[in-house]
Amino acid sequence: MENITPRRSSINITEQLLLWYDAHQRILPWRAVGRETPDPYRVWLSEIMLQQTQVVTVVPYFNRFIDLWPTIESLAAADVNNVLREWAGLGYYARARNLHRCAQIITRDHAGEFPKEEAELLKLPGIGPYTAAAVAAIAFGKDATPVDGNVERVIARVYRIKTPIKENKLIIKSLASKTTPKARTGDYAQAVMDLGATVCTPRRPLCFTCPLTEFCGAFLHEETHAIPISKKQKKAPKREGTAYVIINTANEILLYRRTDRGLLGGMLEVPSVGWEQDERHSELIRKLTMCIPHSKAITGTVEHVFTHFKLVLRVVVMRVEKNDWHAGLHWYSLDKIESVGLPKLMLKVVKHFRSSAENSNNPM
DNA sequence: ATCCCGGTTA
DNA sequence: TAACCGGGAT
């Protein structure tokens, strides 16, 4: 039996991965096909979107961005608020602001060309160790080894690392570098990440389809379920607040733009109080409540989970005359609310309002 | 309901 | 080291 086909062990782990990648790589809109040269702009844009975000989520956003801004110059020339609008729903909104800043720097200071060296890429906003290595390898074929969560998991299993990933970043990086080929560094990087995403998954890895089982310490010791070691995270505390859906007689909703820094930075929001340190809207709400005390009703709550806390937001609806509130306030048509670019939390509030208004004969 | 997953920045 | 989101699995 063993002589019918060449012994797999005559192929090393790198060659095995590249063979697997040639046959099983995912077809993705930012990937070059065949002998095409990858477009650094598309590689960079995709890698920024892929930070903390899965491929299936990224694909439609990527296509939309490319439609709107096919070149880095066009992205640099865009209004940052339009970039945030298109980013809405992807989360981690600092990525969008850094993306725009980076596009402007590349356009203004680098003649529209990305630097090819990992160390130079690292200096750009929004580009950290992972993305610098990914762009250098994938877009420019440089000898760089991006290490993301997929790579960490694959390496931890193959080398049977049974201590927390967090404590082994350097070891994992050097092991991953050791198996990086001289040529096809971009394909190799994407091969490991594809394998991690589609085969060597966090739970229930599909080892029966894996090209690396003969090299994999975790598989050979039946320990894939126990590697990598997950660090236990402390459970998020709960916060509560009140969101105000303020609707005028033109069926428009009052929205504000948040400050650039911190939570949901730069995004549009429904005014709310009680759950953030900066109570920017408390005065507005106080005045509204005094002027029209009988026009409000709590319609229920929406819940949302952030990185470090859980939020329960009571929803209060207020109806105001269109002319009562105009100076400096930003009204948005409820009919077009889907296209203004609200983060998920605020979308939940608006959707809750709409469904509760539908289900009630007398919502006020 | 409750977990788990994940790069960059300040 | 903590802040920063949304999706998916169980």
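Computed over heavy atoms, backbone and side chain alike; hydrogens, waters and symmetry mates excluded. In the text below, chain A, chain B and the rest are named by the order of the sequence lines, each starting its count at 1.
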Less than 4.0 Å between a side-chain N and a carboxylate O, is that true for A:Asp278 and A:Arg258?
no
Note: A:Glu269-A:Lys344 ion pair, threshold 4.0 Å (strictly below):
no
At 4.0 Å (heavy atoms only), tell me whether A:Thr53 reaches a base, stays on the sugar-phosphate, or touches nothing.
nothing
Over how many whole Å does the gap from A:Glu152 atom CD to B:dG7 atom P extend?
7 Å
Rounded to the nearest angstrom, tell me the gap between atom CZ in A:Arg101 and atom C1' in B:dT8.
12 Å
Remember a base hit wins even if backbone is also touched, and classify A:Ile48 as base, sugar-phosphate or nothing at under 4.0 Å, heavy atoms.
nothing
Figure out the NZ/P separation between A:Lys235 and B:dA1, and round it to whole Å.
15 Å
Which whole-number value in Å describes the distance from A:Asp260 CG to B:dT9 P?
16 Å
In whole angstrom, give the distance that lies between atom CD1 of A:Ile165 and atom C1' of B:dC5.
12 Å
Who are the side-chain hydrogen bond (donor to acceptor under 3.5 Å, both in side chains) partners of A:Glu252, not counting sequence neighbours?
A:Asn248, A:Lys322
May I ask you to decide whether A:Lys142 forms a salt bridge with A:Glu118, counting only side-chain N to carboxylate O separations under 4.0 Å?
no
With A:Trp331, the side chain to side chain contact (heavy atoms under 4.5 Å, CB included) member among A:Leu255, A:Leu254, A:Ile253
A:Leu254
Tell me: CG of A:Leu311 to P of C:dA3, nearest whole Å?
15 Å
Using a 4.0 Å heavy-atom cut-off to protein, can you give one letter per nucleotide of nucleotides 4-10 of chain C, 5' to 3': B if the base is in contact, S if only the sugar-phosphate is, - if neither?
BBBSSSS
If you find the nucleotide of DNA chain B closest to A:Ala132 and the one closest to A:Glu303, which residue's nucleotide is nearer the 5' end?
A:Glu303
Just to confirm, is there a sub-4.0 Å distance from OP1 or OP2 of B:dG6 to any side-chain nitrogen or oxygen of A:Arg153?
yes
Measure from CG on A:Asn150 to P on B:dC5 and round the result to the nearest Å.
12 Å
With side-chain hydrogen bond (donor to acceptor under 3.5 Å, both in side chains) as the test, pick out the partner of A:Glu283 among A:Lys287, A:Arg286, A:Arg280.
A:Arg286
Are the aromatic rings of A:Tyr256 and A:His281 close, with centres under 6.0 Å apart?
yes
